[in-house]
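We name chains A, B, ... by the order of the sequence lines, and we start the count at 1 in each one. Being a predicted model, the structure only gives us computed values, none of them experimental.
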Protein chains: 2
Amino acid sequence: MKTRIIREAIQLFGERGFDGTSIQSIAETVDIRKPSLLYHFKSKEELRDEAIKYLISRWVNELPRLLTNAVSGYDRFSSIIMSLVSFFLKDANRARFALREMLDRPGEIGELVKLQLSPWNKMIVDYIELGQKGETIRKDLNPRAYIMQVMLMVLGSVAMGDAASVIFELDSEPSGARIDELVRIARESLFTQPDKVEQKKKKKAATD
Amino acid sequence: MKTRIIREAIQLFGERGFDGTSIQSIAETVDIRKPSLLYHFKSKEELRDEAIKYLISRWVNELPRLLTNAVSGYDRFSSIIMSLVSFFLKDANRARFALREMLDRPGEIGELVKLQLSPWNKMIVDYIELGQKGETIRKDLNPRAYIMQVMLMVLGSVAMGDAASVIFELDSEPSGARIDELVRIARESLFTQPDKVEQKKKKKAATD
DNA sequence: CCTACCGATCGGTAGG
DNA sequence: CCTACCGATCGGTAGG
């Protein structure tokens with residue numbers, strides 16, 4: 001029951017925001033009375049806390065799978081970004097809830113995410129810095145700031161896809177041009193010369 | 001008085017969200033009583049509407065100035081992006097309010113922004129497509145989707161700078177590495193070969 | 001622009 | 001997990 005409440009809370013917090021969602025309305029969707037919900041969570045704030053922790057840990061737990069399953073038809077990098085997107089795309093309210101929490105209480109959420117994400121963050125930073133010592137990744141790139149901007153595009157594209165589609169007259173189908181362009185931007189601004197990397201890949205594939 | 005209320009409303013809606021802000025609290029910051037505020041705006045929803053319209057028109061009205069003042073020390077493109085950022089950076093709650101509105105009611109806000117932004121949007125799309133016919137801008141770029149992603153980075157960097165700084169361990173000073181990297185990403189993923197463009201510029205400057 | 005006031009809903013508790 | 005209930009606050013109105 002507890003996790004069912006949390007899952008519904010993420011939906012409603014994501015759609016309408018924390019202050020726009022009454023615990024009454026959450027209780028209704030899981031078909032119990034309000035005081036019963038407050039038996040599982042001492043307060044609305046506690047439910048919020050458990051919900052964001054649940055979302056973060058779900059995401060971090062899927063990261064290894066997202067990174068390893070990432071070699072499909074596309075080249076490896078694009079495939080990683082797309083599986084990252086697809087995690088949030090499976091349920092856009094995850095991205096909306098995450099964004100709203102960052103707006104509502106930047107400090108707390110920042111610390112929370114940092115704690116769970118830091119090993120992965122370090123891994124990617126190291127990978128980028130290694131590529132910068134070689135010739136594959138652009139030297140005038142700030143690894144941490146780069147990762148942050150890509151994450152903003154990922155979360156933003158999913159969470160605000162509806163509004164953005166209207167504004168820029170894009171088709172609102174989620175896996176459409178928006179995501180392709182996001183992948184392209186992330187790729188082109190990361191690697192030194194796409195051609196060189198592509199050639200390397202193809203050469204390697206040919207010799208394999 | 002009306003515009004003073006609107007300005008304070010943007011602050012508070014941006015900080016705490018629409019549902020997290022009582023009209024009572026807005027009335028207090030402008031030092032009147034609640035019913036007096038409701039004399040200017042029939043309802044809280046009407047205040048919301050006028051506030052977002054005020055913000056959008058303010059932004060659109062500054063666009064010409066942002067685009068023409070844009071030739072400073074930096075190259076033209078970077079300068080345009082940075083003055084775009086600086087409009088929201090002057091007051092981060094503008095960006096927060098805009099983002100929150102897109103989350104709360106994507107359809108209405110989408111239409112509203114589209115209406116006021118479409119001439120500017122068309123201008124930039126035309127500029128990009130022209131560059132694509134030439135050799136300056138990458139041909140595998142979706143103009144509308146590109147503009148959308150850049151706008152997401154601009155708004156996101158400003159609105160969620162605090163949380164993102166904590167997560168990715170970046171200095172929280174606003175005009176720091178985050179914005180530089182955003183400009184770099186937007187630039188590198190737009191132009192075909194930065195070197196070529198740079199050389200052209202320098203050549204032109206030399207012959208001038 | 002104010003005082004006085006309203007019904008509805010909010011988060012939360014008592015007690016079982 | 002429930003019924004019954006609470007004080008506080010919400011958006012909004014009457015009437016001046």
Rounding to an integer number of Å, can you tell me how far [X] [atom1] sits from [N] [atom2]?
{"X": "His40(A)", "N": "dG12(C)", "atom1": "NE2", "atom2": "P", "result": "16 Å"}
{"X": "Phe18(A)", "N": "dG11(C)", "atom1": "CZ", "atom2": "P", "result": "8 Å"}
{"X": "Phe41(A)", "N": "dC1(D)", "atom1": "CZ", "atom2": "P", "result": "11 Å"}
{"X": "Leu38(B)", "N": "dA14(D)", "atom1": "CG", "atom2": "C1'", "result": "13 Å"}

- Query: Under a 3.5 Å cutoff on both atom distances, Watson-Crick or G-U, what's the dot-bracket for DNA chain C ([ ] crossing, | other strand)?
  - Reply: ||||||||||||||||
Quick one about [Y] and [X] (side-chain donor to acceptor, distance below 3.5 Å, no hydrogens or angles considered), yes or no?
{"X": "Asn93(A)", "Y": "Arg96(A)", "value": "yes"}
{"X": "Ser157(A)", "Y": "Gln149(B)", "value": "yes"}
{"X": "Asp75(B)", "Y": "Ser78(B)", "value": "yes"}

Electrostatic pair [X]:[Y] at N-O distance under 4.0 angstrom:
{"X": "Arg48(B)", "Y": "Glu101(B)", "answer": "yes"}
{"X": "Glu62(B)", "Y": "Lys90(B)", "answer": "yes"}
{"X": "Asp49(B)", "Y": "Lys53(B)", "answer": "yes"}
{"X": "Arg184(B)", "Y": "Asp180(B)", "answer": "no"}

- Query: Does any N or O in the side chain of Glu28(B) come within less than 3.5 Å of the main-chain N or O of Arg33(B), such that one atom is a donor and the other an acceptor?
  - Reply: no
- Kindly give the heavy-atom pair with the smallest separation between Thr29(B) and Arg4(B), and that separation in Å. O-NH2, 3.7 Å
Can you give me every donor-acceptor pair (side chain of residues 110-121 of chain A, partner residue at least two apart or in another chain, under 3.5 Å) with its distance?
none

- Message: Restricting to side chain to side chain contact (heavy atoms under 4.5 Å, CB included), what partner residues turn up for Glu108(B), sequence neighbours left out?
- Response: Arg105(B)
Produce the list of close N/O pairs, under 3.5 Å, pairing protein atoms with atoms of nucleotides 2-6 of chain C; give distances to one decimal.
| unit_1 | atom_1 | unit_2 | atom_2 | d |
| --- | --- | --- | --- | --- |
| dC2(C) | OP2 | Arg33(B) | N | 2.9 |
| dC2(C) | OP2 | Ser36(B) | OG | 2.2 |

- Classify the ring geometry between Phe13(A) and Phe18(A) as parallel (under 30°), tilted (30 to 60°) or perpendicular (over 60°). tilted
- Message: Within residues 20-29 of chain A, which residues have any heavy atom lying less than 4.0 Å from an atom of DNA chain C?
- Response: Thr21(A), Ser22(A), Ile23(A)
- Query: Which residues, if any, of residues 2-15 of chain A bring a heavy atom under 4.0 Å of DNA chain C?
  - Reply: none
- Calculate, to the nearest 0.5 Å, the distance between atoms CD1 and CG belonging to Ile185(B) and Leu152(A) respectively. 9.5 Å
